[in-house]
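Read the structure below first, then the notes.
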Amino acid sequence: MKTTVLFRMMVLVAMVFAGIANAELKAQNNNFITNEEKVDDVVVSKVIYRLDGSLYRHMKYDFTYDEQKRMASKEAFKWDSSSEKWIPYFKIDYTYSSNEITLLYARWNKSHKAYDDSVEKSVYELNDANMPIAYMNYKWNDYKWIEESAGNWAMNIQTPVIDEADLLLAGK
């Protein structure tokens, strides 16, 4: 009996500490403020400000869309406080087919003042409901795309429950 009470107290103390730590982490995430610019109900630009007594520019994202209002590209910029300019950071181009979405990632090359050729590629395979079911990641290696074996994984598919009452049945 005493061990059960002691165990319950230890679990309660652990939960209180976890709750406090979680609240502190959430408070740290609230140090950013987002401003979105929309055109025709889609976000075309988003600026992230860091809140540290005052508002400081932090990151900016510009988005383009295709005729079906699917994202075609996402370009990220970092704020350079010394030059007071947005400096390109990376760009992701999206292409769509009937059963795949391909993302090409390119980094800004400061010395060339241009995006390097795509350095990473991600391919999402879609099912008939347009939900991702598989993911492959590739890195560019001079002349060809190299599959990243550690980055390959199959997505979990959430299957809807037909009769929730069946979940509660226990075998004798």
Side-chain angles (χ1 to χ4, degrees), residues 21-160:
N22 191 26
E24 287 179 15
L25 285 175
K26 285 182 181 177
Q28 290 176 0
N29 289 337
N30 290 334
N31 291 337
F32 294 97
I33 296 175
T34 302
N35 183 36
E36 294 180 345
E37 180 184 334
K38 291 185 177 183
V39 174
D40 295 331
D41 237 12
V42 293
V43 177
V44 295
S45 186
K46 182 187 291 189
V47 178
I48 313 289
Y49 297 92
R50 184 173 42 87
L51 180 60
D52 189 13
S54 295
L55 286 179
Y56 299 95
R57 293 178 188 101
H58 179 64
M59 293 284 294
K60 177 183 176 189
Y61 298 95
D62 288 340
F63 306 97
T64 60
Y65 298 87
D66 65 11
E67 61 281 345
Q68 296 177 18
K69 292 192 176 184
R70 299 178 299 187
M71 193 173 300
S73 70
K74 173 183 179 178
E75 191 171 4
F77 303 86
K78 286 183 173 182
W79 180 252
D80 182 6
S81 57
S82 60
S83 67
E84 297 207 358
K85 290 183 182 177
W86 290 109
I87 306 299
Y89 182 42
F90 68 84
K91 184 176 183 180
I92 301 173
D93 290 316
Y94 298 78
T95 54
Y96 301 88
S97 68
S98 61
N99 64 344
E100 284 184 349
I101 300 173
T102 303
L103 286 69
L104 292 173
Y105 172 81
R107 272 312 267 271
W108 181 256
N109 185 322
K110 193 173 9 176
S111 61
H112 295 135
K113 296 187 182 199
Y115 287 103
D116 285 334
D117 289 335
S118 299
V119 293
E120 198 167 324
K121 175 169 90 169
S122 299
V123 179
Y124 293 86
E125 183 182 341
L126 307 175
N127 64 12
D128 292 337
N130 273 342
M131 296 301 297
I133 56 171
Y135 167 84
M136 299 290 284
N137 199 52
Y138 303 88
K139 288 212 181 248
W140 186 252
N141 187 5
D142 294 327
Y143 303 104
K144 62 182 176 178
W145 289 107
I146 304 295
E147 185 177 316
E148 287 188 311
S149 58
N152 300 337
W153 50 278
M155 291 187 179
N156 293 329
I157 302 171
Q158 185 175 358
T159 306

Checking the side chain of [X] only, and the main-chain atoms of [Y] only, is there a donor and an acceptor separated by less than 3.5 Å?
X	Y	value
T64	A72	no
Y61	I48	no
Y65	V43	yes
K69	D40	yes

Residue pair [X] / [Y]: nearest heavy atoms and the distance that separates them:
X	Y	answer
E100	E125	CG-CA, 4.4 Å
D80	S82	OD1-OG, 2.8 Å
A106	Y115	O-CD2, 3.9 Å
Y96	M71	OH-O, 2.6 Å

Do [X] and [Y] come within less than 4.5 Å of each other through their side chains, counting heavy atoms only?
X	Y	value
Y49	R57	yes
E75	Y89	no
S122	Y105	no
V47	W86	yes

> Cation-pi between K74 and Y94: NZ/CZ under 6.0 Å from ring centre and within 45° of the ring axis?
Replying inline: no
> Are the aromatic rings of Y135 and Y124 close, with centres under 6.0 Å apart?
Replying inline: yes
For the atom pair [atom1] ([X]) and [atom2] ([Y]), what is the distance rounded to the nearest 0.5 Å?
X	Y	atom1	atom2	result
N130	S98	CG	OG	9.0 Å
L126	I133	CG	CD1	7.5 Å
M59	R50	CE	CZ	13.0 Å
L104	S73	CG	OG	11.5 Å
I33	H58	CD1	NE2	13.0 Å
K60	I87	NZ	CD1	11.5 Å

>> Set out, in order, the CA-CA distance, both residues' side-chain angles and the distance that settles side-chain contact (heavy atoms from CB on, under 4.5 Å) for F63 and K46, then state yes or no.
In response: CA-CA 8 Å; F63 306 97; K46 182 187 291 189; 4.0 Å; yes
